[in-house]
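Let me begin by presenting the structure, written as structure tokens, before commenting on it.
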There are 2 protein chains.
Amino acid sequence: MAEDVFKALADPTRRKILDELAERSGQTLFEICARLSMKHQLGLSRQAVSQHLAVLEASGLVESRREGRYKFHDLNTAPLEHIAERWIRRDQPED
Amino acid sequence: MAEDVFKALADPTRRKILDELAERSGQTLFEICARLSMKHQLGLSRQAVSQHLAVLEASGLVESRREGRYKFHDLNTAPLEHIAERWIRRDQPED
DNA sequence: ACTATAGGCAAGTGTCCACTTGCCTATCAA
DNA sequence: TTGATAGGCAAGTGGACACTTGCCTATAGT
């Protein structure tokens, strides 16, 4: 699980998606696409963003809920809470 | 710089190297190789570990000092301190 | 001097990953 | 129903990356 979190955070586009969801939760795929395009000049295809969201969901950093034909995405910061304490406070190594 | 930190943390072998340096600071390249091989069954070449250390140094997570023919590596946790605060919103602001 | 040790440099390889393209399904409004 | 919108699935491509191999430099011990 921590493995997936590090992998999810590795990509700059995914980190920007987290930024957008932190600023405004409950966005749909199209909203996120529009925001990335306007605010960050990222001309990504819808599928590219969709695949990023899938990675973020697999890591637990993003949760989604479906309502009709809309799918809303929410940020979940729980996996981030103790991500660095592994090296700051000596706990046990994970993977 | 934060970009480099996330990239450095993306690889599981590099995270194990950080684990080893957190447990015992000032190790040389050969010591790290031996520890990865014994404790983690990672049969990596010396160059592979050397390249990982270069990535970690570029991120600031590892600092090195040369003494004669030895090069000692130390963990620097400073770049990890506020890595997640970018998305974690506090309900009670920290004045 | 010779030799072993500690490390670096550079090219090559295989694999993973980000992204695209094309087509498909589901929901809602006219 | 027809058409527009929101999203999903799958194959393909280019580039980045982890790792290897081979050769080279520098330091230290004999």
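What you see is a predicted model; the values in this text were computed from it and never measured. Residue numbers begin at 1 in each chain, while the letters A, B, ... track the order of the sequences.
- B/S45 contributes a side-chain N or O that, together with a main-chain N or O of B/A48, makes up a donor-acceptor pair within less than 3.5 Å.
- A salt bridge links B/K39 to B/E23: one of the charged nitrogens lies within less than 4.0 Å of a carboxylate oxygen.
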Does A/E20 form a side-chain hydrogen bond (donor to acceptor under 3.5 Å, both in side chains) with A/H40? I'd like the steps, not just the answer. CA-CA 11 Å; A/E20 293 306 316; A/H40 301 282; 3.0 Å; yes
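- No side-chain donor-acceptor contact under 3.5 Å links B/N76 to the backbone of B/L61.
- Separating the NZ atom of A/K71 from the P atom of C/dC28 is a distance of 16 Å, rounded to the nearest angstrom.
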Walk me through whether B/E63 and B/R65 qualify under salt bridge (charged side-chain N to carboxylate O under 4.0 Å, His left out). CA-CA 7 Å; B/E63 293 170 349; B/R65 50 198 157 86; over 6 Å; no
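- To the nearest angstrom, P of C/dA6 lies 13 Å from NE2 of B/H73.
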Indicate for each nucleotide in nucleotides 15-30 of chain D, in 5' to 3' sequence, whether protein heavy atoms under 4.0 Å reach the base (B), only the sugar-phosphate (S), or nothing (-). --SSBBBB----BS--
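- In this structure, CZ of B/F30 is placed 14 Å from P of C/dA4, rounded to the nearest angstrom.
- Within the structure, a side-chain polar atom (N or O) of B/S50 is placed less than 4.0 Å from OP1 or OP2 of C/dG8.
- Take B/A54 and apply the side-chain contact (heavy atoms from CB on, under 4.5 Å) test, not counting sequence neighbours, and it matches no residue.
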